[in-house]
Amino acid sequence: MDGPEDSDDLPEQVRVRRDKRDRMLAAGVEPFPVSVPRTTSLAAVRTGWAHLAPGEETTDLVGVTGRVVYQRGTGKLAFATLQEGDGTRLQVMVSLAGVGEDALAAWKSDVDLGDLVFVHGAVISSRRGELSVLADAWRMASKALRPLPVLHRELSEETRVRQRYVDLIVRDEARVTVRARSAVVRSLRRTLEDRDFLEVETPMLQVQHGGASARPFVTHSNAFDTDLFLRIAPELFLKRCVVGGIERVFEINRNFRNEGADSTHSPEFAMLEAYEAWGDYDSIGALTKDLVQTAAQQAFGTQVVTLADGSEYDVGGEWTSIGMYPSLSESLGEEITPQTPVAQLQAVAARLGVAVDEARWTHGKLVEELWEHRIADSLHAPTFVRDFPVETSPLTRAHRSAEGVVEKWDLYVRGFELATGYSELVDPVVQRERFEEQARLASLGDDEAMRIDEDFLRAQEHAMPPSGGMGMGIDRLLMALTGLGIRETILFPLVKPR
RNA sequence: GCGCCGCUAGCUCAAUUGGCAGAGCAGCUGACUCUUAAUCAGCGGGUUCCCGGUUCGAGUCCGGGGCGGCGCACCA
């Protein structure tokens, strides 16, 4: 027992609470009982007895539990506000007349802010009209050994993220956000299942990473004595599913990308990917719109959501579509097409002051960079940006009529990219050529370029139906619908260890 | 990775030009049978992120490091 936990350099308030625990044990009172005879929730008391007039008393007995978030004591009558998981609060009253001298004294000496307590008694309304449980007995349900932060001031952002359990106790927005996220994910699953999509789980540990342009995390398998990659995308496995006849398939799971972290990027992030055989980028775009609109409706009850800054954001109705090349041309006042030479694009970039890597950037990379520089930030309302350059989209099929572009859209919402969708490339010969081009880029030092995935090509050689596919960031969908930063939409975002 | 800003009591924050380290809440002791962040009286609580330097004297100035935030770069 002489570990650091018992040393004198513990904060005073932790010492005090440990002493109380010890005192309770010495007195034969269990500070962490295996159970308490709870009969109902605080919320159920609130709704069940909402009709009580101020001062009205009932003989309805309940046993409730909750975390003590406020305490107010008078000599022979103590008040406390209990809170349960979703933030619902209820007052309890512990009086000399109700529980007797010893239990009242124990309440006053043993109960601290943050403790979980059990209170048994009648449901009444106080003279001031506060719905309450008037105790005839109480028990410690679980003793808090650390003090709660003050409830009247915001927790610092770092404490919120590092100690989310505390954040969830003290901050209503944290509780609302975690429930909103659950509701959104539930809605996505329901919408997909309603359309006969099958949910699968594909490998997170991969021998070969692929399906996106990103730097992977590398790990090692002792059993196979080989390096493995944490997946950057499930795409190539979901397409194998489509080849195998799972014609409507989706996965909601984590991707890992060994890249920068900021207010819109997290090293691990949740992603929905869905593939629809016999569809294309139009049908999958319509599905994506349905997913977002239904999620807003089911999680927030409206398609005009209220963001964290108080502004409203409308995801309802029809969404705008713009073409990447036409919108860029219009913005520049200069015709840009898939045939525009690299030198001309470089000249435009120089004129605009956009930094370019002249040695490596292809036509497609330059067009996308110029487009993002000129257009992306200005797209506030949900907007599909369609028909991308071919070189930067190695898994997407060529446009059915336009030369030099692929059937790909990006969905922009409030200035950031929420989702992307393709008419999938299913010709294994063309796919191999695309991979070989990627391999060439990798050999030139592009560590985000894809590698040739022979097993995936082999799968495609068994014939993959024409398909539409999409990927949408779950964290970003929450950001879009709430206006929060990505670290607020993820319960436990990665933070550097102290 | 680069630049700017921050780190002080359990929590949120003050501290003048380099001159005794403070407040609110929380905690402890006492009073109080209807409070609502209860109130009243009293008390305790600090490695000022870490290491080094300048100085009679450093929370404050200088150098190095850690963690965080913002901006830029990369990415979705």
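Side chains included, hydrogens not; waters and symmetry mates left out as well; all remaining heavy atoms used. Proteins get letters first, then strands, A, B, ... in listed order; numbering begins at 1 in each.
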message = Rounded to the nearest 0.5 Å, what separates atom CD1 in A:I284 from atom OG1 in A:T288?
response = 6.0 Å
ask   = Base, sugar-phosphate alone, or nothing: which one does A:S266 contact when heavy atoms must sit under 4.0 Å apart?
value = base
remark   = Of A:R254, A:R487, A:R181, the one forming a salt bridge (Lys or Arg N to Asp or Glu O under 4.0 Å) with A:D475 is A:R181
request  = Check every strand shown and say whether A:F416 touches a base, only sugar-phosphate, or nothing at a heavy-atom separation below 4.0 Å.
outcome  = nothing
task = Answer with yes or no whether the side chains of A:R257 and A:S266 bring together a donor and an acceptor at under 3.5 Å.
result = no
request  = Classify the nucleic acid contact of A:R162 as base, sugar-phosphate or nothing, counting any heavy atom under 4.0 Å across all strands shown.
outcome  = sugar-phosphate
message = Using a distance-only criterion (donor-acceptor N/O pair, under 3.5 Å, no hydrogens), is the base of B:C25 paired with the side chain of A:H152?
response = no
remark   = RNA chain B nearest-nucleotide lookup for A:V16 and A:K108: closer to the 5′ end is A:V16
task = Would you classify A:R160 as touching base, sugar-phosphate or nothing, given that sugar-phosphate means primed atoms plus P, OP1 and OP2, and contacts are heavy atoms under 4.0 Å?
result = nothing
task = Please confirm whether A:K408 makes a cation-pi placement over A:F388, using NZ or CZ under 6.0 Å from the six-membered ring centre and within 45° of the ring normal.
result = yes
Basic-acidic side-chain contact under 4.0 Å: A:E488, A:R164 = yes
Distances for protein N or O near nucleotides 5-8 of chain B N or O, under 3.5 Å:
none

ask   = Only one of A:D110, A:D19, A:D112 forms a salt bridge (Lys or Arg N to Asp or Glu O under 4.0 Å) with A:K143, so which one is it?
value = A:D112
ask   = Reckon A:T81 touches a base, only the sugar-phosphate, or nothing at all at heavy-atom distances under 4.0 Å?
value = nothing
task = Using a heavy-atom cut-off of under 4.0 Å over every strand shown, decide if A:L151 touches base, sugar-phosphate, or nothing.
result = nothing
message = Under 4.0 Å, heavy atoms only, any strand: does A:A97 hit a base, just the sugar-phosphate, or nothing?
response = base
Donor + acceptor pair across side chains of A:T420, A:W409 (<3.5 Å) = no
task = Note every stem involving RNA chain B: at least three consecutive Watson-Crick or G-U wobble pairs, i with j then i+1 with j-1, with both distances under 3.5 Å.
result = B:1-7 with B:66-72, B:10-13 with B:22-25, B:27-31 with B:39-43, B:49-53 with B:61-65
inquiry  = Heavy atoms only, 4.0 Å cut-off, all strands: where does A:R476 land among base, sugar-phosphate and nothing?
reply    = base
request  = Quick one: label A:Q91 by what it contacts on the DNA or RNA (base, sugar-phosphate, nothing), any heavy atom closer than 4.0 Å.
outcome  = base
What are the atom names and distances for every N/O pair under 3.5 Å that joins the protein to nucleotides 10-14 of chain B?
| from | atom 1 | to | atom 2 | distance (Å) |
| --- | --- | --- | --- | --- |
| B:G10 | N9 | A:Q13 | NE2 | 3.4 |
| B:G10 | N7 | A:Q13 | NE2 | 3.4 |
| B:U12 | OP1 | A:S156 | N | 2.9 |
| B:U12 | OP1 | A:S156 | OG | 3.0 |
| B:U12 | O2' | A:R153 | NE | 3.2 |
| B:U12 | O2' | A:R153 | NH2 | 2.9 |

note = Picking from B:A76, B:G68, B:C34, the nucleotide nearest the side-chain atoms of A:F269 would be B:A76
inquiry  = Do A:L395 and A:L425 make a side-chain contact, defined as non-hydrogen atoms from C-beta onward lying under 4.5 Å apart?
reply    = no
message = With nearest nucleotide decided by heavy atoms, which residue, A:R257 or A:S109, maps closer to the 5′ end of RNA chain B?
response = A:S109
request  = May I ask you to test the A:T482-A:T177 pair for a side-chain heavy-atom distance under 4.5 Å?
outcome  = no
message = What contact category does A:M93 fall into here, base, sugar-phosphate, or nothing, at under 4.0 angstrom with non-hydrogen atoms?
response = base
ask   = Contact class for A:G73 vs. all strands (heavy atom < 4.0 Å): base, sugar-phosphate, or nothing?
value = base
query = So, the side chain of A:R434 versus the backbone of A:T396: is there a donor-acceptor pair under 3.5 Å, distance only?
reply = yes
query = When you measure from the side chain of A:W361, which nucleotide among B:U36, B:U33, B:C74 comes out closest?
reply = B:C74
ask   = Which part of the nucleic acid, if any, lies within contact of A:E417, taking any heavy atom under 4.0 Å across all strands shown: a base, the sugar-phosphate backbone alone, or nothing?
value = sugar-phosphate
key: N-O pairing of A:R440 and A:E437 below 4.0 Å   = yes
